[in-house]
Amino acid sequence: MAKVLTSRSENYAQWYNDLVIKADLAENSAVRGCMVIKPYGYAIWERMQAELDRMFKETGHVNAYFPLFIPKSFFSREAAHVKGFAKECAVVTHYRLTADEENGGLKVDPSAKLEEELVIRPTSETIIWNTYRNWIQSYRDLPILINQWANVVRWEMRTRLFLRTAEFLWQEGHTAHETRAEAVEETLKILGVYATFAEQFLALPVIKGIKSETEKFAGAEDTYCIEALMQDGKALQAGTSHFLGQNFAKAFDVMFASKEGKQEYVWATSWGVSTRLMGALVMAHSDDNGLVLPPKLAPQQVVIVPIYKTPEEYAATVERAHLIKSQLVKHGITVKVDDRDTHKPGWKFAEYELKGVPVRLAIGPRDLENGTVEVARRDTLTKETVPMESLEVYIPALMDQIQAEIYNKALRFRTENTHKAETWEEFLDLVEKGGFISAHWDGTPETEKAIQEETKATIRCIPLDSIDEPGICIKTGRPSNRRAIFARAY
RNA sequence: CGGGGUAUGGCGCAGUCCGGUAGCGCACCUGGUUUGGGACCAGGGGGCCGCAGGUUCGAAUCCUGCUACCCCGACCA
């Protein structure tokens, strides 16, 4: 087979870039740091959106849309929030272009300067809480459970397709509650939705945890996250859910009259996942032959390739392919019959492998004669011959099996690459090997920073299911009562 | 924002040192033979050589100045 990808062992970063481009997921655009998401990549994103959207609605959320532009003054209302985002904001200063007499073309019209500059949203807490102020008067107006699907802009120094782009697509949920307990419950409920989604749809095992003070969202009281491990041993944050306390309510003066008739500040949460999940999907499962998609996310779950020599064979195999398609479609499986005569079977095989289609069926004259079909699995690259009449039962079951096995493979990889470090030497050794490291930490930002500066490893999270366990900090030797998960991260 | 690199048909590159009418592979088009793992033969089309100046009889090539993108670091989902 002609090799179109750099291998993972040769250069992991290059492999990732090659794969994203060759599998037609996305490409770099004419705009610095911004990508074009191509139809195939967007179809996968749409699968993610559809499922998440369903899960959000099921938990009582509704969609809405808030503006792309945010008055600059809104940003300075919440101190930590400004500090967190100020360095990466794109700002609109003018509203008109005019002919450039000197150099030709167009120039920004200096007379069209905005009264107040507009920040292109890096996230929408400020505009949303400014709006919620008008929506909330009484406890009867609560809770507000809103999600929006949107694009956001963060002016990153260095970008990588899907993992970090200047503009990206995401969903951001913003909820308002009567009590602290209710908001905390919401934060954790969404974290659970994210974890379920990652594990059941992306086939991506994740660790649910809470961020350290250093790593938490600017403006949050607590940030929870799901952390996943990529094949190169680096961690990737796949989703975050923030308990915002009353920070934004205070900054935007959002109060409600409680049942007791007192004016109280509203409790808030916000949460999001982005197109970064596409990067997670690629780096978690794919191999040197291309993308490996879990069936639940694959835009095409099955592709059927007819094999033929003569026009008669073409007609017969294609007819059989469509027959099989009609049977599988009844079971909710998405099937594509590739009856193009412009490409040879071998070419098609390689192409669908690159694109990660979970199952490929090939039907040739021999199969017509024997009443069989060749079934090839993308995840294992194995092939077998299956009787035509059993496909209707076999393929749907195979989809579930592949979904489960991809997850189990990723889980096994994570288990094999998660280790406890008891000493600083062990820690240094494990950091070089990659993977998650579970280690005691004295809980101070200073120690966290020191560890990061020496090893480039950061605290990914303190797992929610971690147990109280007395120990000593690997760096300082001071007492610790809980382990944190460390890793080098994307 | 530092350091490095690149810019030549749709894509990947050679040509630049040493100036003389722009070439290769893939892709594309036509015809034929092929078709169970990226077919083969023959013919064909397609390029202000990133942009702007300059030197020269003559510039992809030399000089000056821009711009964009990629990679490596510091910051971030």
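Residue numbering restarts at 1 for every chain, and letters A, B, ... go by the order of the sequence lines. Please read all numbers here as calculations on a predicted model, not as lab measurements.
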How about A:His242 and A:Tyr224: are their ring centroids closer than 6.0 Å?
no
I'd like to know whether the aromatic ring centres of A:Tyr352 and A:Trp347 sit less than 6.0 Å apart in this structure.
no
Starting at atom [atom1] of [X], determine the distance to atom [atom2] of [N], rounded to an integer number of angstrom.
{"X": "A:Arg488", "N": "B:rC76", "atom1": "CZ", "atom2": "P", "answer": "17 Å"}
{"X": "A:Asn17", "N": "B:rC70", "atom1": "CG", "atom2": "C1'", "answer": "9 Å"}
{"X": "A:Ile363", "N": "B:rG36", "atom1": "CD1", "atom2": "P", "answer": "15 Å"}
{"X": "A:Tyr314", "N": "B:rU34", "atom1": "OH", "atom2": "P", "answer": "19 Å"}
{"X": "A:Phe349", "N": "B:rU35", "atom1": "CZ", "atom2": "P", "answer": "14 Å"}
{"X": "A:Asp338", "N": "B:rG38", "atom1": "CG", "atom2": "P", "answer": "16 Å"}

By side-chain hydrogen bond (donor to acceptor under 3.5 Å, both in side chains), which residues pair with A:Ser326, not counting sequence neighbours?
none
Going by the rule side-chain hydrogen bond (donor to acceptor under 3.5 Å, both in side chains), which residues pair with A:Glu167 if we only count those two or more places apart in sequence or in a different chain?
A:Asn151
Let me have the donor-acceptor pairs involving side chains of residues 358-368 of chain A, under 3.5 Å, with sequence neighbours excluded, atom names and distances please.
| from | atom 1 | to | atom 2 | distance (Å) |
| --- | --- | --- | --- | --- |
| A:Arg360 | NH1 | A:Glu353 | OE2 | 3.4 |
| A:Asp367 | OD1 | A:Thr372 | OG1 | 2.7 |
| A:Asp367 | OD2 | A:Gly364 | N | 3.0 |

Please list all pairs meeting salt bridge (charged side-chain N to carboxylate O under 4.0 Å, His left out) that have one or both residues in residues 447-457 of chain A, counting only residues at least two apart or in different chains.
A:Lys449-A:Glu453, A:Glu454-A:Lys475
Residue pairs, two or more places apart or on separate chains, that pass salt bridge (charged side-chain N to carboxylate O under 4.0 Å, His left out) and touch residues 305-317 of chain A
none
Any ring pair (Phe, Tyr, Trp, His ring centres under 6.0 Å) involving residues 358-378 of chain A? Give me the pairs, sequence neighbours left out, ordered by first then second residue.
none
Can you name the ring pair (Phe, Tyr, Trp, His ring centres under 6.0 Å) partners of A:Tyr132, sequence neighbours left out?
A:Trp129, A:Trp135
How would you list, by chain and number, every residue that makes a ring pair (Phe, Tyr, Trp, His ring centres under 6.0 Å) with A:Phe436, sequence neighbours excluded?
none
Distance, P atom - from B:rC70 to B:rC28, rounded to whole angstrom
27 Å
Taking only the C1' atom of each, what is the distance from B:rC26 to B:rC48 in whole angstrom?
25 Å
Neighbours of RNA chain B within residues 369-391 of chain A, by heavy-atom distance under 4.0 Å
A:Glu374, A:Lys383
Does anything in residues 294-301 of chain A reach RNA chain B, meaning a heavy atom under 4.0 Å, and if so which residues?
none
Could you work out which one of B:rC1, B:rC69, B:rU35 sits closest to the side chain of A:Met157?
B:rC1
Determine all donor-acceptor pairs shorter than 3.5 Å in which one atom belongs to a side chain in residues 14-23 of chain A; sequence neighbours excluded.
| from | atom 1 | to | atom 2 | distance (Å) |
| --- | --- | --- | --- | --- |
| A:Gln14 | NE2 | A:Asp18 | OD1 | 3.0 |
| A:Trp15 | NE1 | A:Asp287 | O | 3.1 |
| A:Tyr16 | OH | A:Leu161 | O | 2.7 |
| A:Asp18 | OD2 | A:Thr6 | N | 3.0 |
| A:Asp18 | OD2 | A:Thr6 | OG1 | 2.6 |
| A:Lys22 | NZ | A:Val4 | O | 3.0 |

Atom pairs, N/O to N/O, protein against nucleotides 40-46 of chain B, distance under 3.5 Å?
none

